[in-house]
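Both backbone and side-chain heavy atoms feed into the values below; hydrogens, waters and symmetry mates do not.
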Amino acid sequence: MSNPFSSRSRLAVMLFLPLFLLTACSHVPVATMVKLANFDLLKTNPAGLRVAVRYPASIRIPKGGARMMLTVKDKKTGKLVMEEKLAFVRVSSKAERAELSAELQEGRRIAIYRLPDDRIPAFKAFQAYLLTMDKEERDKIEGNMEVGVDGCLAFEHRPARILVSTYLKADELGGYIPLLRDVDLEEQMADGKNGVDGGLPRCTDARAATEE
């Protein structure tokens, strides 16, 4: 599996799920890999998709900071065949938050995101496009679902470790499953070697206030 975190400035969490084949990632629990065998991004109900992030209370995720990108590339040339960018909205339902109550920890927050209703048709169109391909055409391409969440440090004190966990929910999964547990965000950013110094940036007052 690709590196779960991006080292680009302000990007806190990056999750990659291949559309056609899920490969192993050292941070993904083995039990999760088994459950994900039932998850098919091309057939899943987009209205039921949820992505949750558990993060330290010292981090803020601004309004509009979560999004999904679906891409399809030619395996041989790497040429981009199709791309769809979809913004996420935050879920405030107490019932949905209760599903993750066992994952709550002192000093941590959990944010849940879904696709807005007006973007679900775009997701379904993406699915339909790929499902109409025959096997020979599909064997020539590869795809990824990329989920990104912007984040920043809200306080002057920088924790020794910024541990982040991510979760996925889909109708066929029967609830939330952990994708990554307590991965050190800044270690992952440093591993990206994309020239980001000092890890996560500090929030401006405006950005800290925009978290939903």
- Message: For Lys140 and Lys76: C-alpha separation, side-chain torsions, deciding distance, then whether side-chain contact (heavy atoms from CB on, under 4.5 Å) applies.
- Response: CA-CA 7 Å; Lys140 295 178 181 178; Lys76 186 175 182 179; over 6 Å; no
- Query: Where do Thr166 and Val51 land on the side-chain contact (heavy atoms from CB on, under 4.5 Å) test, with the steps shown first?
  - Reply: CA-CA 7 Å; Thr166 58; Val51 172; 5.6 Å; no
Does one hydrophobic cluster hold both [X] and [Y], with members joined at side-chain heavy-atom distances below 4.5 Å?
X: Tyr167; Y: Leu163; result: no
X: Tyr129; Y: Leu70; result: yes
X: Leu42; Y: Val81; result: yes
X: Met68; Y: Met82; result: yes

[atom1] of [X] to [atom2] of [Y]: how many Å apart, nearest 0.5 Å?
X: Ile110; Y: Leu104; atom1: CD1; atom2: CG; result: 4.0 Å
X: Ile112; Y: Glu99; atom1: CD1; atom2: CD; result: 7.0 Å
X: Leu100; Y: Tyr176; atom1: CG; atom2: OH; result: 5.5 Å
X: Leu131; Y: Arg138; atom1: CG; atom2: CZ; result: 5.5 Å
X: Ile141; Y: Thr71; atom1: CD1; atom2: OG1; result: 10.5 Å
X: Gln105; Y: Glu103; atom1: CD; atom2: CD; result: 7.5 Å

- Side-chain donor or acceptor of Ser58 paired with backbone N/O of Leu153 under 3.5 Å: no
- Would you say Arg109's side chain and Arg60's backbone share a donor-acceptor pair under 3.5 angstrom? no
- Query: Mind checking what makes salt bridge (charged side-chain N to carboxylate O under 4.0 Å, His left out) contact with Glu96, not counting sequence neighbours?
  - Reply: Arg50
- Could you tell me which residues satisfy salt bridge (charged side-chain N to carboxylate O under 4.0 Å, His left out) with Asp139, sequence neighbours excluded, listed by chain and number? Lys135
- Might you confirm whether atom CD of Glu137 has over 12 heavy atoms from other residues, nucleotides or ligands at distances under 6.0 Å? yes
If you look only at distance, which donor and acceptor atoms sit under 3.5 Å apart when one is on a side chain in residues 117-124 and the other is two or more places apart or in another chain?
residue : atom : partner : partner atom : Å
Arg119  : NH2  : Glu84   : OE2          : 3.1
Arg119  : NH2  : Lys85   : O            : 2.8

- Message: Test side-chain contact (heavy atoms from CB on, under 4.5 Å) on Val53 and Val164; report intermediate values, then the result.
- Response: CA-CA 7 Å; Val53 183; Val164 179; 3.8 Å; yes
- Query: How far apart are the C-alpha atoms of Leu49 and Phe39, what are their side-chain angles, what is the distance that settles it, and do they pass the side-chain contact (heavy atoms from CB on, under 4.5 Å) test?
  - Reply: CA-CA 11 Å; Leu49 278 178; Phe39 178 67; 3.9 Å; yes
- Query: Can you name the closest pair of heavy atoms from Arg202 and Cys152 and give their distance?
  - Reply: C-CB, 4.1 Å
